[in-house]
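The structure appears below as structure tokens.
Values below: all heavy atoms of this structure, side chains included; hydrogens, waters and symmetry mates excluded.
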Amino acid sequence: MNSDDRIALLQGTLDLLILKTLVMGPQHGQGIARSIQRQSEEVFFVDHGSLYLALQRLEERLWISAEWGVSENNRRARFYKLTKKGREHLVQKTSEWERLTRAMGLVLGGNAGIKEA
């Protein structure tokens with residue numbers, strides 16, 4: 001898949017994907033980006049600038065916490081962990097996304113008015 005086929009992430013969407021990724025346990029920034037890309041079957045590409053701004057925002061909102069550690073490459077890295085407040089936010093936003101995607105599916109799933117070229 002080339003970069004034109006990837007989907008840019010909206011701010012709130014990226015926040016939700018980061019929180020969901022951290023449910024599996026603490027990860028450093030690069031690990032979070034790779035996990036999102038892998039789990040989306042290479043559709044979502046997380047720009048590192050956007051990622052670190054989102055991590056900072058999530059930390060300020062107390063949805064995640066961070067501490068220094070050593071990565072699998074033996075490099076110093078910040079590891080991010082989901083907080084109780086972050087888990088509660090994730091549950092709420094996941095429910096909202098499920099309602100939204102169901103409604104979009106209902107609207108887009110109907111064939112009325114669609115003509116093939």
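Lys84 NZ to His89 NE2: the interatomic distance, rounded to the nearest 0.5 Å, is 15.5 Å. The OH atom of Tyr52 sits 12.5 Å away from the CD atom of Glu59 when rounded to the nearest 0.5 Å. To the nearest 0.5 Å, atom CG of residue Leu58 and atom OG of residue Ser65 are 11.5 Å apart. Note: Thr101 OG1 to Leu108 CG = 11.0 Å, rounded to the nearest 0.5 Å. The CH2 atom of Trp63 sits 13.0 Å away from the CG atom of Leu22 when rounded to the nearest 0.5 Å.
Salt bridge status for Glu98 with Arg102: absent, with no side-chain N to carboxylate O gap under 4.0 Å. A salt bridge does not link Arg99 to Glu96: none of the charged side-chain nitrogens sits closer than 4.0 Å to a carboxylate oxygen.
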Please walk me through it: do Phe44 and Leu14 pass side chain to side chain contact (heavy atoms under 4.5 Å, CB included)?
CA-CA 10 Å; Phe44 294 149; Leu14 179 55; over 6 Å; no
Yes or no on side chain to side chain contact (heavy atoms under 4.5 Å, CB included) for Lys93 and Asp15, after CA distance, side-chain angles and deciding distance?
CA-CA 10 Å; Lys93 289 300 178 182; Asp15 291 357; over 6 Å; no
Before giving the answer on side chain to side chain contact (heavy atoms under 4.5 Å, CB included), spell out for Leu55 and Ile32 the whole-Å C-alpha distance, their side-chain angles and the decisive distance to 0.1 Å.
CA-CA 10 Å; Leu55 289 169; Ile32 293 169; 3.9 Å; yes
Apply side chain to side chain contact (heavy atoms under 4.5 Å, CB included) to Val46 and Gln37, showing your working.
CA-CA 7 Å; Val46 182; Gln37 191 170 340; over 6 Å; no
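Following chains of ILVMFWY side-chain contacts shorter than 4.5 Å, one can reach Tyr80 starting from Val23, so the two form part of one hydrophobic cluster. Val43 and Leu100 fall within the same hydrophobic cluster, where Ile, Leu, Val, Met, Phe, Trp and Tyr residues are linked whenever their side-chain heavy atoms come under 4.5 Å apart, directly or through other members. Both Trp97 and Ile18 belong to a common hydrophobic cluster when Ile, Leu, Val, Met, Phe, Trp and Tyr are linked at side-chain heavy-atom distances under 4.5 angstrom.
Pairing each heavy atom of Leu51 with each of Ala33, the nearest pair is CD2-CB, 4.0 Å. Among all heavy-atom pairs drawn from Phe79 and Gly69, the shortest one is CE1-C, 3.8 Å.
Here side chain to side chain donor-acceptor pair (under 3.5 Å) pairs that include residues 22-36, with residues two or more places apart or in two chains, are His28-Glu72, Gln30-His48, Arg34-Glu72, Ser35-Gln39.
When atom types are taken as modelled, the side chain of Asp47 and the backbone of Gly49 share a donor-acceptor pair closer than 3.5 angstrom.
Each of Thr83, Leu82, Thr94 was scored for a side chain to side chain contact (heavy atoms under 4.5 Å, CB included) with Leu19, with one residue passing: Leu82.
Other residues, nucleotides and ligands contribute at most 12 non-hydrogen atoms within 6.0 Å of the CE atom of Met104.
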